Participant: 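Can you keep this structure in mind? I'll have questions shortly.
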Amino acid sequence: MKGGVFLKPAILIVGVYVFLKIVLPLFTAPLPASLIFLYLALTTTGIVIFATLSGPSTDAFFGPIVRFLTGEGQGGAAQGARIAVLLLFPVLVGWQTYTSTAPSDQPPAENRTIHPAPPGEYTGLSNPVPNTPENVMTGKGLYAAFCSPCHGGNFDGKGPASRGFNPPPANFSDPTTIAMLQESYLFWRIKKGGVGLPIEGMPWKSAMPRWEVELPDEWIWKIIMGEYDGAHQKPRTWE
Amino acid sequence: MMNQGDDPTGGTAGEQGRGAWLAGLLVFLALGVMPLVGLAQDVPAASATAYRDIPGLGSRNMVWVVAQLHLLLAGFVLGVPIFAWLCEIVGWKTGEKRYDKLAKEFTKLLTSSYATTALFGGILLFLLIGFYPKLMNYLADVFFPSFIVYCLLFLVETATLYLYWYGWDAMQDSKKGLHLFLGFLLNVFAFFIMIVPNSWATFQASPVVISEGTDLQRAWAATWNPTWWPVNIHRLIANVVLGGYICGAYAGIRYLSAKNEEEREHYDWMGYVGNFIGVFGLLPLPFAGYWLMREIYQYNQQMGITLMGGFLSWLFILQAMLIGVLFLGSNYYFWLGITHRIPGSEVKYRKPMMAMLIILLLCLGVWMTPHSLVASLEEARKMGGTHHPLLGVFGVMSAKMTVANLMILVTFMSFIMYWRAGKEETATWAKVARSLMGGVLGVAAIVVIVLGVWGYFVPAIVRINYFSVAQVLIVLFVMLTITPLTALLLRSAKTTTEMVWGKMPPRAGYALVLNAVMVILLMTLMGYARSSSRVHWHIYGVMRDSSQYAYSPALGYAAAFMSLNTFLFCMLVAFIFWVATMGDKAKANDAGGKGHGAQGTLPAMAGGAPALDERK
């Protein structure tokens with residue numbers, strides 16, 4: 001049963017990797033390497049914790065590793081394997097270091113803040129337009145005219161023009177987007193557009209037009225009402 | 001008629017010459033000073049100096065380090081009396097002298113750490129007055145009445161500490177009640193010493209400024225600002241956690257360096273007490289943190305988003321990692337205790353421990369998953385943005401709150417498992433009680449998860465005000481149900497395996513040290529978050545930062561300072577422990593040298609030997 005000590009952890013790690021890298025993308029979008037690394041690190045941590053819960057399990061887990069690395073009572077193939085591991089390990093570390101620091105034509109992984117903080121003058125604003133069925137309908141009409149080409153008629157970010165943008169237009173039906181925000185936040189984002197994003201949100205890293213040059217404030221507020229209603233979401237409030 | 005050379009004042013010619021020279025000098029000085037007077041009028045005096053700096057080091061960096069160290073030391077100084085007082089009460093109620101000894105020895109630390117904290121507070125004050133005179137002038141104008149209160153509190157706290165420490169031996173036996181009351185007073189004054197400066201710091205983040213009224217009314221309005229009480233409660237609990245885990249870390253180090261079985265047994269026990277009190281505080285801490293963040297968000301949307309969705313939101317992923325390690329470390333220590341202190345229990349509890357570990361890791365995986373993922377251009381294209389369509393839902397509060405509650409439940413159950421290990425319940429109703437506890441736990445876990453998922457489909461305010469609160473109440477209900485039930489069960493239980501102290505492996509000691517470092521890192525991390533959430537304001541929306549440092553330091557730069565502050569604090573605490581125990585070590589050596597029973601005279605912070613552990 002000696003092999004069993006390492007077999008189960010190895011199967012677990014490989015299994016988790018295969019699930020995250022191959023199985024999950026069959027049903028949804030692929031995961032970024034940063035997330036896969038995070039989950040694998042947690043899995044490894046769990047294995048080490050469980051293996052070291054008692055003295056016998058610790059010895060069973062680390063004993064063979066220590067004996068292998070120290071060459072205790074080894075000979076023949078085992079000795080050769082040990083030397084190979086001791087030679088290959090620094091090479092592997094060196095290779096990893098080289099690949100992570102060598103110049104590349106790939107842009108670095110970015111850490112864009114999707115919801116940067118709004119300027120002070122926009123915080124605390126409340127929608128001055130009464131929430132009546134007429135105004136909501138007007139808002140939806142304005143949305144259809146100005147917003148749906150990108151954000152989609154179903155408010156899902158899949159308008160006919162959406163495929164041309166990176167980052168893609170926001171999906172309002174996702175409960176983790178506009179449902180987390182107050183109406184005043186949307187007012188700022190619609191009014192100032194991608195150009196008006198602060199540094200943390202990377203200005204120009206959004207094709208959102210600066211609608212203040214084309215739409216009066218009242219229309220923007222109506223569009224916000226139409227958006228929430230159409231996406232079946234409610235804005236964040238404190239009452 | 002005056003003659004030439006006569007002095008109208010009666011002086012000689014030589015004297016006249018000196019007088020003229022002096023007069024000329026005065027005129028020269030007067031003329032020389034004239035432009036300065038003119039300049040002084042252009043620039044209205046020294047009060048116009050808004051900032052000073054020390055080139056190279058930077059005023060902000062200096063204040064950052066000193067303020068953080070002061071705060072950590074203050075947390076320690078306020079946490080240790082709570083820890084000591086609780087231990088003293090346990091010792092008094094159970095009659096186990098080792099608890100009393102432990103409390104006394106930790107109180108001894110207060111004398112040196114109290115002075116060190118005050119020293120750093122003084123340095124901080126001088127630096128603030130020197131570097132930010134305009135800001136400090138404003139704060140002094142608003143808070144002067146509370147400055148006086150603060151000074152008075154220090155006086156009574158110091159006097160109480162002296163009485164509590166120096167009167168320890170004198171107030172044993174018949175006067176123990178009085179001594180416990182002094183310990184209570186010490187903690188009450190310490191609490192007020194904490195909340196008064198909290199009002200100054202929270203005022204900077206959520207100011208309440210009234211232009212009318214007396215000085216007292218203005219100060220009171222500024223003190224009772226929206227984030228004052230959330231910070232007070234959060235810090236109070238965090239101080240208990242800090243005190244407990246530092247005690248654990250100290251015990252861990254001493255355990256690793258123990259020279260005989262007696263020391264190993266004692267420090268193993270001390271490590272257990274420290275870890276228990278740390279966990280005791282850790283369980284409600286996320287609730288207090290949640291309340292604080294809610295109040296901040298409600299107070300100002302900009303500040304809330306800066307913290308939770310803006311550039312500081314990555315800190316909360318780091319926070320998740322640190323808290324996760326803390327939960328894992330605390331549970332790991334409990335589990336090691338079961339397998340090493342209670343011989344033969346490994347087989348029985350291995351599977352439950354594995355189940356708990358898996359739940360903890362799954363929860364941690366969810367907690368650490370960011371809403372916006374770090375992805376290359378290619379990966380982001382494939383995902384359709386930086387939000388993953390499936391795992392992106394883990395990145396918001398509904399998911400985080402749910403897994404935090406589940407991790408708290410698991411940690412609580414780890415403790416219950418440890419408590420019950422090695423005992424056989426003999427009560428006739430034991431089976432019913434166990435079923436009831438299992439049912440309560442299972443239903444609670446399911447309801448917490450259901451509320452977490454449901455939280456995505458209701459307005460944010462419903463989730464925040466009702467669902468999250470319900471989750472917290474459910475977890476508290478579980479604790480308040482299972483704890484007394486277990487206590488009742490164990491009252492009539494038969495001990496099947498005696499607990500053996502001093503058999504923990506070295507990694508248990510390292511786990512205790514790791515827990516303490518995690519707590520300190522967490523405090524430095526949240527210190528940066530709280531301070532940076534004001535962005536370019538000294539006092540949010542009232543007084544703008546117009547210095548050269550009116551920008552938020554990058555996260556990497558901040559992380560380096562957090563590490564530095566953690567390291568410096570650990571060194572300071574080590575120094576305090578070393579100083580406080582120096583005399584005891586010398587006494588122990590003397591006693592050993594004179595041949596006075598080396599057995600039973602454990603040095604330093606030992607809290608005594610088994611000889612001292614006997615029941616009264």
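All figures in this text were calculated on a predicted structure; none of them were measured in a lab. The figures here come from the full heavy-atom set of this structure, side chains too, leaving out hydrogens, waters and symmetry mates. The sequence lines fix the lettering, A, B, ..., with proteins before strands; numbering per chain opens at 1.
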Participant: Give me the atom names and distance for the closest heavy-atom approach of A/Pro32 to B/Met383.
Facilitator: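 Residues A/Pro32 and B/Met383, closest heavy atoms: CD-SD, 3.6 Å.
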Participant: Would you indicate whether the side-chain heavy atoms of B/Pro459 and A/Thr237 approach each other to under 4.5 Å?
Facilitator: no
Participant: Pick one of side chain, backbone, both or neither for B/Ala380, based on which atoms fall under 4.5 Å of a heavy atom in chain A.
Facilitator: neither
Participant: Between A/Thr176 and B/His371, is there a side-chain donor-acceptor contact under 3.5 Å, judged purely by atom types and distance?
Facilitator: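 Per modelled atom types, B/His371 and A/Thr176 side chains form a pair under 3.5 Å.
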Participant: Can you tell me if A/Phe62 has over 12 outside heavy atoms packed within less than 6.0 Å of its CZ?
Facilitator: yes
Participant: Quick one: of A/Ile49, A/Thr43, A/Asn166, who has the most non-hydrogen atom pairs under 4.5 Å with chain B?
Facilitator: A/Ile49
Participant: Using the test side chain to side chain donor-acceptor pair (under 3.5 Å), find all partners of A/Asn154 that sit at least two apart in sequence or belong to another chain.
Facilitator: none
Participant: To the nearest 0.5 Å, what is the distance between CG on A/Leu24 and CG on B/Leu390?
Facilitator: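 With rounding to 0.5 Å, CG (A/Leu24) is 6.0 Å from CG (B/Leu390).
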Participant: Would one find more than 12 heavy atoms of other residues, nucleotides or ligands at under 6.0 Å from atom NZ of B/Lys503?
Facilitator: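 Check fails, neighbour count at 12 or below.
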Participant: Name the member of B/His388, B/Lys382, B/Glu346 that forms the most heavy-atom pairs with chain A at distances under 4.5 Å.
Facilitator: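 Of the options given, most contacts go to B/His388.
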Participant: Could you look at B/Tyr297 and say if it's the side chain, the backbone, both or neither that has a heavy atom under 4.5 Å from chain A?
Facilitator: both
Participant: How many angstroms lie between atom OG1 of A/Thr45 and atom CG of B/Leu364, to the nearest 0.5 angstrom?
Facilitator: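 If we round to the nearest 0.5 Å, A/Thr45:OG1 and B/Leu364:CG are 8.5 Å apart.
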Participant: Check whether B/Arg294 gets within reach of chain A through its side chain, its backbone, both or neither, counting any heavy atom under 4.5 Å.
Facilitator: both
Participant: Name the region of B/Arg463, side chain, backbone, both or neither, that has any atom closer than 4.5 Å to a heavy atom of chain A.
Facilitator: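 Just the side chain, heavy atoms under 4.5 Å.
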Participant: Under a 4.5 Å cutoff for heavy-atom pairs, which residue among B/Val393, B/Thr369, B/Asn300 has the most contacts with chain A?
Facilitator: B/Thr369
Participant: Going by distance alone, is a donor N or O of one side chain under 3.5 Å from an acceptor N or O of the other, for B/Gln302 and A/Thr123?
Facilitator: no
Participant: For the atom pair CD (B/Glu379) and OG (A/Ser34), what is the distance rounded to the nearest 0.5 Å?
Facilitator: 6.5 Å
Participant: When you look at CD1 of A/Ile199, are more than 12 heavy atoms from neighbouring residues, nucleotides or ligands closer to it than 6.0 Å?
Facilitator: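 No, not enclosed.
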Participant: Under a 4.5 Å heavy-atom cut-off, does chain B meet the side chain of A/Ala33, its backbone, both or neither?
Facilitator: both
Participant: So, for A/Leu42 and B/Leu361, which heavy atoms are closest and what is the spacing to 0.1 Å?
Facilitator: O-CD2, 3.6 Å
Participant: What parts of residues 310-318 of chain B touch chain A if we use heavy atoms and a cut-off under 4.5 Å?
Facilitator: B/Gly310, B/Phe311, B/Trp314
Participant: What's the shortest heavy-atom distance between B/Pro370 and A/Leu35, and which atoms?
Facilitator: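 Looks like CD-CD1, 4.2 Å.
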Participant: With chain B as the partner, which of A/Gln182, A/Lys234, A/Met180 has the greatest number of non-hydrogen pairs under 4.5 Å?
Facilitator: A/Gln182
Participant: Quick check on A/Pro116 against chain B: is it the side chain, the backbone, both or neither that has a heavy atom closer than 4.5 Å?
Facilitator: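 Just the backbone, heavy atoms under 4.5 Å.
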Participant: Decide if atom OH of B/Tyr510 counts as having more than 12 heavy atoms of other residues, nucleotides or ligands within a radius under 6.0 Å.
Facilitator: no
Participant: Taking side chain as everything from C-beta outward and backbone as N, CA, C, O, which of these in A/Leu31 sits under 4.5 Å from a heavy atom of chain B? Side chain, backbone, both or neither.
Facilitator: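 Backbone plus side chain of A/Leu31, per the 4.5 Å heavy-atom cut-off to chain B.
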Participant: For the interface with chain B, which of A/Thr28, A/Thr52, A/Ile114, A/Leu38 has the highest count of heavy-atom pairs at distances below 4.5 Å?
Facilitator: A/Thr52
Participant: With a 4.5 angstrom heavy-atom cut-off, which part of A/Tyr39 approaches chain B: side chain, backbone, both or neither?
Facilitator: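 For A/Tyr39, the side chain is the part near chain B, not the backbone.
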Participant: Considering all heavy atoms of both residues, which atom of A/Gly46 and which atom of B/Leu357 are nearest to each other, and what is their separation?
Facilitator: O-CD2, 3.3 Å
Participant: If you compare all heavy atoms of A/Tyr122 against all heavy atoms of B/Gln301, which two are closest, and at what distance to 0.1 Å?
Facilitator: O-OE1, 4.2 Å
Participant: Below 4.5 Å from any heavy atom of chain A, which atoms of B/Val374 appear? Answer side chain, backbone, both or neither.
Facilitator: both
Participant: Any idea which heavy atoms bring A/Gly55 and B/Arg507 closest together, and the distance?
Facilitator: N-NH2, 4.2 Å
Participant: Please rank A/Thr113, A/Thr177, A/Asp174, A/Leu53 by heavy-atom pairs under 4.5 Å with chain B and give me the top one.
Facilitator: A/Leu53
